[in-house]
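This report concerns only the one structure given below.
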There are 2 protein chains.
Amino acid sequence: MLQDETLAHNHHCGDCPIRHRAVCARCESTELERLEEIKYYRSFEAGQTVIWSGDKMDFVGSVVSGIATLTQTMEDGRTQMVGLLLPSDFVGRPGREGSAYDVVATTDLVMCCFRKKPFEQMMERTPHIAQRLLEMTLDELDAAREWMLVLGRKTAREKIASLLSIIARRDATLNLQPARGALVFDLPLTREAMADYLGLTLETVSRQISALKRDGVIQLEGKRHVTVPDFSRLMEEAGDDADGGMFA
Amino acid sequence: MLQDETLAHNHHCGDCPIRHRAVCARCESTELERLEEIKYYRSFEAGQTVIWSGDKMDFVGSVVSGIATLTQTMEDGRTQMVGLLLPSDFVGRPGREGSAYDVVATTDLVMCCFRKKPFEQMMERTPHIAQRLLEMTLDELDAAREWMLVLGRKTAREKIASLLSIIARRDATLNLQPARGALVFDLPLTREAMADYLGLTLETVSRQISALKRDGVIQLEGKRHVTVPDFSRLMEEAGDDADGGMFA
DNA sequence: CGTATCTTTGACCAAAGTCAACGGCAGTGG
DNA sequence: CCACTGCCGTTGACTTTGGTCAAAGATACG
């Protein structure tokens with residue numbers, strides 16, 4: 001276990017892998033120093049719940065590494081994922097007491113946390129933080145609206161293709177994949193989590209993945225390792241018109 | 001037609017009906033004066049498109065009166081509503097060129113507009129505006145996530161009940177309805193628009209409204225005028241656990 | 001090995017979509 | 001004033017998609 005290392009408080013923001021994308025992206029070095037004073041790291045194991053819906057949140061923070069999900073649950077147990085948190089994404093809502101959602105670590109997870117009160121105070125005095133948070137929130141809102149189209153109007157097959165293309169695209173930008181040819185990535189989610197993401201049952205997810213494989217849209221190695229031989233074909237299956245401009 | 005009146009440029013922000021809820025809510029009088037210099041009003045008739053998806057937006061603004069919708073459309077014509085804009089809601093995204101969605105006036109509509117560039121400049125110098133916009137954006141994000149649960153996991157009947165309860169609740173807060181007893185309101189949307197909101201067909205919307213009427217959950221007068229004799233019953237039908245605390 | 005978790009697949013069913021006809025109402029123009 | 005037209009909404013018959021229930025395969029872990 002390397003948790004001791006990841007938990008260490010003496011990481012320097014300058015070396016931080018999410019330095020240029022997180023809520024602190026626009027901060028200058030003096031601002032970073034002040035953030036550094038109120039920050040601390042927390043690690044979570046895969047499967048652990050970071051925050052329960054309704055609980056009081058005494059911190060906010062950024063995902064440094066790993067993946068977490070934001071989910072809502074109805075009393076009868078139906079659940080819908082409403083957010084997928086990747087490195088650099090922000091957790092928590094300044095100016096609000098409790099969490100509206102369950103936050104669960106899907107993989108092992110490291111978060112850079114700030115106690116809520118000091119962070120809120122700092123936000124008031126540091127426009128760079130508020131500006132960046134606004135920008136990130138607007139991006140999230142756009143993503144949520146895109147997702148609403150998926151949930152409301154796409155077929156099961158299109159939903160799966162949409163999810164795969166989102167994950168593939170993200171992976172390509174993070175890991176600087178060759179911009180041409182086959183995309184290769186690992187699914188960070190179980191079939192059940194994909195179902196909760198897409199408003200389907202896990203059986204339907206499984207069937208549609210098998211169908212996409214049968215039709216040559218994707219190749220599978222094991223349950224989780226995916227190869228996409230032709231990305232524009234996948235986009236077509238997702239019902240997304242333009243080829244996204246990724247491969248011109 | 002009173003359009004001349006609503007179009008007049010000499011409204012004072014102090015008298016504005018959305019003064020305390022819109023993006024300008026936190027501004028002080030000197031800040032309001034400067035906003036006043038760059039604002040202008042625009043009116044749209046019911047059915048008119050305010051902005052086309054992909055178009056360049058040279059303004060941002062607030063809905064003053066009337067209702068507008070934000071919709072996304074796939075090439076084959078499937079459409080999903082992704083936002084319902086009520087008085088005080090903000091339209092447009094600072095720091096981005098084009099609109100990602102169609103904005104359509106559902107009723108006659110008056111908007112308070114600001115040219116984008118001056119507004120963006122003012123935002124940088126006026127933290128009160130950026131703060132309020134962040135707060136509003138976070139609220140919208142919460143609403144979008146609530147909506148995702150509706151789209152992904154609720155049955156047709158629950159979806160209709162959810163929409164009715166949202167409209168009823170909004171109407172109650174706006175028009176200070178008696179906090180007890182029957183709620184009465186008008187549907188601001190056609191069956192088709194409701195279908196686009198909920199990811200259903202208009203036939204299913206019609207059938208489920210008829211069913212809720214048959215079961216006594218709602219009463220209808222004409223096509224659009226709704227009476228809800230027992231709000232907690234409607235909440236139950238929506239699959240929303242708590243009684244919302246509205247009627248303690 | 002045996003147990004637990006995740007996944008796949010099949011048979012059947014139910015909810016919502018599709019296609020089509022029709023009813024009501026408002027506006028228009030003869 | 002009435003007939004005509006267009007839009008909105010309702011309802012019915014039938015189809016399709018995805019959900020439900022059940023069994024069994026794969027993989028990892030102790």
Side-chain angles (χ1 to χ4, degrees), chain A residues 45-48 69 74 76-80 104 106-108 150-164 186-215 218-226 237 239, chain B residues 45-48 74 76-80 104 106-107 150-164 186-215 218-226 237 239:
Chain A
E45 286 173 33
Q48 236 186 312
T69 61
M74 298 169 64
D76 63 6
R78 281 177 282 177
T79 76
Q80 174 67 50
V104 179
T106 287
T107 64
D108 286 349
V150 173
L151 288 172
R153 291 302 186 192
K154 292 197 177 178
T155 65
R157 171 182 263 244
E158 288 169 333
K159 285 179 175 181
I160 297 290
S162 299
L163 176 57
L164 292 176
D186 283 304
L187 288 171
L189 303 173
T190 65
R191 300 288 184 263
E192 189 180 22
M194 291 189 251
D196 286 343
Y197 188 106
L198 298 170
L200 298 170
T201 60
L202 64 89
E203 292 94 330
T204 299
V205 170
S206 183
R207 275 189 257 270
Q208 295 299 334
I209 288 180
S210 298
L212 288 175
K213 184 170 96 179
R214 197 163 43 247
D215 299 345
I218 58 172
Q219 286 144 28
L220 271 185
E221 207 172 336
K223 315 291 183 192
R224 302 288 194 91
H225 194 74
V226 180
E237 292 286 356
Chain B
E45 285 172 34
Q48 235 185 315
M74 297 168 65
D76 63 6
R78 282 177 281 176
T79 76
Q80 174 67 50
V104 179
T106 287
T107 63
V150 173
L151 288 172
R153 291 303 187 191
K154 292 197 176 177
T155 65
R157 171 182 263 244
E158 289 169 333
K159 285 179 174 181
I160 297 290
S162 298
L163 176 57
L164 292 175
D186 283 304
L187 289 172
L189 303 173
T190 65
R191 300 288 185 264
E192 188 180 22
M194 290 189 252
D196 285 344
Y197 188 104
L198 297 169
L200 298 171
T201 60
L202 63 89
E203 291 95 331
T204 298
V205 170
S206 184
R207 275 189 255 270
Q208 294 300 334
I209 288 181
S210 298
L212 288 175
K213 184 170 97 181
R214 199 164 43 245
D215 299 346
I218 57 171
Q219 286 145 29
L220 271 185
E221 208 171 335
K223 315 291 183 192
R224 301 288 195 91
H225 194 75
V226 180
E237 293 286 355

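Per chain, numbering begins at 1; letters A, B, ... match sequence-line order. Computation of the quantities below employed the complete heavy-atom set of this structure, encompassing side-chain atoms and omitting hydrogens, waters and symmetry-equivalent molecules.
- Per the geometry, CZ belonging to B:Arg214 stands 12 Å off P belonging to D:dT10, to the nearest Å.
- At least one side-chain heavy atom of A:Met194 sits under 4.5 Å from a side-chain heavy atom of A:Leu187.
- Using a 4.5 Å cut-off on side-chain heavy atoms (C-beta onward), A:Thr190 and A:Leu202 make no contact.
- Near-neighbour residues of DNA chain C inside residues 150-164 of chain B, defined by a heavy atom below 4.0 Å, number-ordered: B:Thr155, B:Ala156.
- Note: CZ (B:Arg78) to P (D:dT17) measures 12 Å, nearest angstrom.
- Shown here for B:Ala46 and B:Thr106, the closest heavy-atom pair between the two residues is CB-O, 3.7 Å.
- To the nearest 0.5 Å, atom CD of residue B:Glu221 and atom CG of residue B:Asp186 are 9.5 Å apart.
- With values rounded to the nearest 0.5 angstrom, A:Thr155 atom OG1 is found 9.0 Å from A:Glu237 atom CD.
- A 4.0 Å heavy-atom criterion places the boundary nucleotides of DNA chain C facing chain A at C:dT7 to C:dA11, written 5' to 3'.
- You'll find a donor-acceptor pair under 3.5 Å spanning the side chain of A:Arg207 and the base of D:dT20, going by distance alone.
- Taking CD of A:Gln208 as the reference point, atom CG of A:Asp215 lies at 9.5 Å (rounded to 0.5 Å).
- With values rounded to the nearest 0.5 angstrom, A:His225 atom NE2 is found 10.0 Å from A:Gln219 atom CD.
- Between the OH atom in B:Tyr197 and the CD1 atom in B:Ile160 there is a gap of 11.5 Å [rounded to 0.5 Å].
- With hydrogens and angles disregarded, a donor-acceptor distance shorter than 3.5 Å links the side chain of A:Ser210 to the backbone of A:Ser206.
- Contact annotation: the side chain of B:Lys159 never approaches that of B:Thr204 to less than 4.5 Å [non-hydrogen atoms, C-beta and beyond].
- Residues from residues 193-205 of chain B lying near DNA chain C, meaning a heavy-atom separation below 4.0 Å, are B:Gly199, B:Leu200, B:Thr201, B:Glu203, B:Thr204 in numerical order.
- At whole-Å resolution of the value, CD in B:Glu192 and C1' in D:dC7 are 11 Å apart.
- The interatomic distance linking A:Glu221 (CD) with D:dT27 (C1') rounds to 15 Å, in whole Å.
- Within 4.0 Å (heavy atoms only), A:Ser206 reaches at least one base atom of the nucleic acid.
- A side-chain hydrogen bond (donor to acceptor under 3.5 Å, both in side chains) with B:Arg153 is found for one member of A:Asp76, A:Asp196, A:Thr79 and no other, namely A:Asp196.
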